[in-house]
J.: 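Here it is, the structure, as structure tokens.
Naming convention: chains lettered A, B, ... in sequence-line order (proteins, then strands); numbering from 1 in each chain. Computation of the quantities below employed the complete heavy-atom set of this structure, encompassing side-chain atoms and omitting hydrogens, waters and symmetry-equivalent molecules.
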Amino acid sequence: MMGQTVSGVVTSSDDGEPLIGVTVKVKGTQTAAVTDIDGRYTIAANNGTHLLFSYVGYTEREMVVRGATLDVTLQPDANGLDEVVVVGYGQAKRITLTGAVSAINGKELQKVPVSSVQNTLAGKLPGFFSQQRSGQPGKDASDFFIRGVSSLNGDGNKPLIIVDDVEYTYEQLSQININEIESISILKDASTTAIYGIKGANGVLVVKTRRGEDGHPRINVRVESGLQMPVRTPNFLGSYQTAQLVNEAYANDGMQPMFTDADLEHFRTGDDPYGHPDVNWYDEIFKSTAQQSNANVDVSGGTDRLKYFVSVGYFMQNGLVKDFGSANTDVNSNYLYRRFNYRSNIDFQVTNNLTMRLDVTSRFMNINEPYNLNATGQIYSWEEMHPYSAPVINPDGSWAYLYDTSGRRPTLNARLANSGYRRTRRNDNNLLYSANWKMDFITKGLSSNIRVAYSTIDENWRSVWRSEFPTYHFNSDGQGGGYYNINPDHVYTNGSYAVTAGTNTARKDLNLQAFLNYARVFNEDHDVSGMLLFNRESTTNENFGQKVPEKFMGMTLKLGYKYKNKYLVDFNAAYNGSDRFSAGHRYGLFPAIGAGWVISEEEWFRNLFEKSVDHLKIRSSFGIVGSDVAMGDRYLYNQIYEVGDTYYFGDRAMNWQGYREGALGNDNVTWEKARKFDIGIDLNLWNSVSITFDYFYDHRYDQLVYRGDIPQLIGIGTSPVNVAKTMNRGFDGQVGYRKSWGDWSFNTNFVFSYAQNRILFQQEAMQRFPWLTKTGRPINQPFGYTWDGFYTPEEIAAIAAGTEGAPAVPVSETPVQAGDLKYKDLNEDGVIDDYDKQAIGKPNLPNTTLGWTIGGSWKGFTLSVLFQGSFNYSFSVVGTGIEPFKSQFQPLHLQRWTQERYENGEEINFPRLTSNPTTVNAAEAYMSDFWLVDAWYIRLKTIDLSYDLPRKVLPKFLDSARLYMNAYNLFTWTSYDKYQQDPEISTNTAGDAYMNQRVLNFGVALGF
Amino acid sequence: MKSIKNTILLLGVLFAFTTACTDDYESVPVDQYTIEYVFSETDSAGVQAVRFLNNIYSSLPNGYNRVGSDFLDAATDDAVSLYMDADPDVSRLQSGRYTASNQVSSDMNWGTWYAAIRKCNIFINNIDRVPFNTPYTNSREYVDEKGNSVTGESRPIGSSYKAEARFLRAFFYFQLLERYGGVPLVGDRVFDINDNLELPRNTFEECVNYIISELDDIQDSLRSLPMRDATAFAHAPTKQACIAFKARVLLYAASPLFNGNTLEPGNPYVGYTDYDASRWTKAAEAAKDFIDRYDGSSSMMNRNKFRLADDYYKIFQNYFSTDTREVIFFRNNGSGTSVERANGPLGFTGNKLGNGRTNPTQNLVDAFVMKDGKPRGESKYTYDPQHPYDNRDARLEYTVLHQGSQWLNTLLDTYQGGTNNPSGSGRYNRTSYYLGKFMNDFKMANEYGSHTELWVYFRYAEILLNFAEAANESDARDAYMNDIMKYLGILRKRAGIEAGSDGLYGLDPTMSREALREVIHNERRCELAFEEHRFFDIRRWREAETIFQQPLQGMQVVKGTTQTAYTPIDILTVNWTDKMYLYPIPYTEVNKNSNMVQNPNWNE
């Protein structure tokens, strides 16, 4: 035998990083080797022999030796049987878990080029529902919910967010650097959330940050840069069409036309650009793309004694507003977001029994916005501007003002150039110190842990603004000449900039946790674990004058028993309380029990399905969790007196302060509770397919609502009472498939979530007609009129004549005319009024959400594509978003009702135009299903394509190099084209949200 | 052994952890005001309690552009809103476009009045706890007609505060009464969430009796004129205000809508179930009582007396100057130009800006008599349709700004498209008239300037009119006739109407009751225009059904080169239905309270 040696590097297909400790074995022999900290191995093997590479959590791979070097990439194991997931105050092996938990690896999140963590989760976790309401830099974090919503209290549906066992706020979550995240889990059922007791009812999102591992220092550098562009840009009609529609509406209202034929001709030909401007304000104000970039450097490594992970990151996102800076200004009024993150996680082994840990995190950020204006909202608003209000800039270069509007404000570009900005600066600091003491000397398996976490948030704002700068109206004579009129405000020179500042948030939070842990396996069969935690938290919010800390205190108990990893029982309980409630109602006990049966561990089952089923587990849990979020005053049990309206005293008009009674207290106020039941199954097949399915039923009770049955005779507002009940049920899960063939690998994962809620009881006053009742319907069910076509001229004549059987008309407001929206008269009393409103459409939050990931790799190339869709929800756009004379005219308005179009039988999609804001056509006053869109959307949410350069082309100092490009929100398919809006907007909005963004991003990641 | 020690140590640490947490912990929020703080047993000046009272005062309605930015009177035949095309609240009130479930929230505020009543009850129930130790004298010393010096009574100041709260409570009930008829009386009770709140309505009669008995009970506890410290307390209801209030309540109670011609005979909630003519006499007596005690028309010397202000412009701006003794109870709205800004003529900018909100109708303009106190046709002055504003009752000039009025140093052009009725806003003033009342005299001014804006609830002119109206209806009409003529004469004299050779200011004591009723109603309309009287007057007289048979008119003005042509045009026809005489009780209130009876014909 020739003594040939083979050597090479084993890397992971996921991230191209070397794998340490991979066992390399020559097939059929005892010869074996293990990779070192660089993933390098050396083994004696001849050409033609087979090498087996095996590693925990990865699929075993067999390679044929064909030379002296052999680099190998290993695929993560599809089954994830060894997968460890983060749960509350600890970790658990997925195969022995009894609760409902979905988890995702931090590496997956980095493939989405956005700043906020929650935006990376859509479509990836079963049970996770989200809607991204805005695309504004720094304020684009999605609203998200775990298994939908079940509280009538709007704020009472937010999941608890836990980062390294410390509670975070929504805002803090959105500012975490994604690069620092090791993994994210969402805890969905009672057995996993009961340990959070009074705060766990809405599910928990648990983030674990990265920590150092044994090995020499590894430096990772990741730099990426991309372009953002709106997913959808609005399209408004130009001056000519707008002027025609204005005249038409005025004629409909019996008023004189606003524009003469000569005016219209100027608009049509555009021959008088200053006297008769035609400005597309959206295009003038916004660019088509804006830049964003992201850079991260992290260093990690460690020895037996000390392990470290240190990361710095910088994220920069620009806004879409063009630069209008003039000579007198160098203020930046564009939207922008800047964030700097720092994290240092240190583990220190003091003695064999004592480990200490110190985590230091800081986040600094800046958000910039134009001073006191919402650029999108301004453009939408008819009151603010029209396409013919002013030229973008006067012929002599001076700023114009919106001549024909009531406010006569300077043009939007002039204001953006001159008015200044508002900058929000935020500084978060977190310190976490903990000491873990193994107390095997008392009994084996016992340890204790004390943890102190201190966090501060300081958010300040500063505005640099000026209100005065000269603007002129150019009176064109139509021949190219003309003269200038100064704005009636008579400002002849630029005002100076003023600076104002203030504090938004000054929050300090101190959290103390003391643990006793116990974990031991007896006789190899009996796995016993336990944990007792004392937890105390106090939060001070120093703004709003609220300086008395909010207190939270409690104990948590976790007990687990596993027999041969086959029969699993978990008991979890929390006893905790919050000072929002009166002394006798402060503490509550929240117990939950979970049980699991790993059928695949049974002898008989293994005999039957050895070849096909790798893992089969049935699990179920039941328990009670709470929520202490309550609407209204912080101390609902207390009746307070407050400063009220003042009155002028005496005959000299001296203004004196007044006191008044606050809302009546409710002594018995207490937290909301949820009984949660979950049953689930985990199934892994053929070493390639994994299936998880959960059914859940939540009964939410003792919800705080304002009683609807108290007469106004009482003369005072009342505090909410714990009476309402809702239920929420549904299912979620995933089906995954993962397989590799040689250099090829393929994976796909389909995630589905469905949650449907219903109000069971809410102390609603008896309604006169059954369709008015809210009880029995979903939370936030919209109510409104039912659209029944447009009034025809014949119907109007019948109404005027008082004919029997003529359609009903609204009780108030101006008389209806042909072409107005006609609504169903549900109670058949001949008038349209509040009694004719019924449930229309669906709540705004989707009750179904799907995600489908398809990915694969070949040699160094990796591709991953995510489609995400949301279904079964409704939204409407009102006011400046769509209504004529509140909004700009939009293409939809061309499909309005007119006598002519009606007679010609043309398609009519919009009512008669009117300048009167009080007709039945007003969406805000007469909300109806005409305005409502039954929506769904499917998005090509992310695409990520990367290429890992082969190690042989890399210089020696470089361990790995990866080039990648990814995209976010690349394509959208949706059910409607009525409004020019993103499908994720919140309902009843005025269409003024900053456009959601599509991102195209390129980057490089280097490992040293 | 070592392990036991360690265990103890560990438990000790944990225990310390647990207990160390309570020493900085208050079991109740100590930083919040409680009722004990507001009505403090140690606050000898009652500083906090008075603040609670101040807040009750702030519930008093401020009539300036109160109803959805319009005057309540723009919901009568006297005016329309400039924004009538946008269906403002007054237009809905005017035309009855409301139902029990779809209310006009700016005036149908059932709950607001009960909230105010609750505040009064809290105050009344708790004020005695406050140990006021400063005595106070309820009025300044003055010299009466006989030359005697009169001193006020001395008592703890708390007793006056309590009486003020009871006055305000009665006032709030009256707001409910004139809108809804009989309503639930809650007495001094302050309800808790667990109380039985399904209270039935009290009858109209019970409500009137309750208000009257309250007023009788408190009148001597209130401050009295002349006020010792008007600078600080002029806003407070006085004994005089209390008596004036009583006269108004009795006048309303005697009126046809509640007495004799109710919406539903036998329904005790919408009025008396019987007709009793003596109610008019009682109302006349109450007004006469006020006049007898406090009429100061003949002498200037007694500072506890009232007389009509010589200068019409000063009434709503100056409570207590030497020549003004007309205002009895008012709300001070501070100093400013908000009335001018809201209602002044269009077409001005800057500090002259007016938004022309209130547009008086031709119907109101026509109501003003000619300069000699006689209506057109009967007057010695001929009414010239080309100069319709010449030789008229001078109050017209004060109340209404019209084409050609002198204002802000210009002559107004109020025709459609004229300088003061521009089309720029897309809205024309359809009547060509603007409100002039309540404003300062800005005829010759270059711009508006701040002035005190008093909203007046009771003034002496109303008492005179209350008397005249009740006395004319009374069985003792003949006996009262001289006084009727006298007091109407005083009013007309101040208005600038010529006395005439008979000194009767165009009046005639031989008029029939019906003819004189018309004169008095008309006088009331002109004198008290826009003071939130007309809306209730045409209801309690049960005249709305007749009045609204006529369309509301504006004036079309065509300005030629040499002369201006005036043509009245119809601008609005109100379809009156009789259920509109009373407001519907909110649907939700009827729904939540099984004992609540809806007003007639609103229950559908």
J.: Answer with side chain, backbone, both or neither: which region of B:Y587 has an atom nearer than 4.5 Å to a non-hydrogen atom of chain A?
T.: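 Contact with chain A is through the side chain of B:Y587 alone.
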
J.: Once rounded to the nearest 0.5 Å, what's the spacing between atom CD of A:Q712 and atom CD1 of B:I585?
T.: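 A:Q712 atom CD to B:I585 atom CD1 measures 11.5 Å (nearest 0.5 Å).
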
J.: Side chains of B:H235 and A:Y648: closer than 4.5 Å at any heavy-atom pair?
T.: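 B:H235 vs A:Y648: side chains apart.
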
J.: Is there side-chain contact between A:Q657 and B:N54, with heavy atoms separated by less than 4.5 Å?
T.: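 In short, these two side chains do not touch, never coming nearer than 4.5 Å.
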
J.: Against chain B, label A:I716 side chain, backbone, both or neither, depending on which of its atoms sit under 4.5 Å from a heavy atom there.
T.: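 Both the backbone and the side chain of A:I716 come within 4.5 Å of chain B.
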
J.: Quick one: of A:D709, A:I714, A:D834, A:V721, who has the most non-hydrogen atom pairs under 4.5 Å with chain B?
T.: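 The candidate making the most pairs under 4.5 Å is A:I714.
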
J.: Taking every heavy-atom pair that is under 4.5 Å apart, which of A:G644, A:G717, A:G715, A:G658 has the most such pairs with chain B?
T.: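 Most pairs with chain B among the choices: A:G715.
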
J.: Side chain, backbone, both or neither: which part of B:R118 has a heavy atom under 4.5 Å from chain A?
T.: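 Only the side chain of B:R118 comes within 4.5 Å of chain A.
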
J.: Quick check on the interface: out of B:T112, B:I122, B:I56, who has the most heavy-atom pairs with chain A under 4.5 Å?
T.: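 The residue among B:T112, B:I122, B:I56 with the greatest pair count is B:I122.
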
J.: Taking the side chain from B:K592 and the backbone from A:I710, do they hold a donor-acceptor pair closer than 3.5 Å?
T.: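 Checked: pair present.
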
J.: Name the option with the most non-hydrogen atom pairs under 4.5 Å to chain B; the candidates are A:T443, A:T646, A:L664, A:L713.
T.: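 Most heavy-atom pairs within the cutoff with chain B belong to A:L713.
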
J.: Is B:R189 in contact with chain A via its backbone, its side chain, both, or neither, using a 4.5 Å heavy-atom distance?
T.: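 Contact with chain A involves no heavy atom of B:R189 at all.
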
J.: Within a strict 4.5 Å, meaning less than it, do heavy atoms of the A:Y647 and B:L60 side chains meet?
T.: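 Yes - at least one pair of side-chain heavy atoms lies under 4.5 Å apart.
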
J.: Top residue by heavy-atom pair count (under 4.5 Å) with chain A, among B:R51, B:Q48, B:K119, B:E453?
T.: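 When all of B:R51, B:Q48, B:K119, B:E453 are compared, B:R51 has the most.
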
J.: What residues of residues 193-200 of chain B make heavy-atom contacts with chain A at a cutoff under 4.5 angstrom?
T.: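 Expected list: B:I193, B:L197, B:L199.
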
J.: Tell me, yes or no, whether the heavy-atom count around A:E383 atom CD, taken from other residues, nucleotides or ligands under 6.0 Å, exceeds 12.
T.: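 At most 12 heavy atoms, drawn from other residues, nucleotides or ligands, come within 6.0 Å of this atom.
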
J.: Check whether any side-chain heavy atom of A:Y641 lies under 4.5 Å from a side-chain heavy atom of B:N55, and answer yes or no.
T.: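 A:Y641 vs B:N55: side chains apart.
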
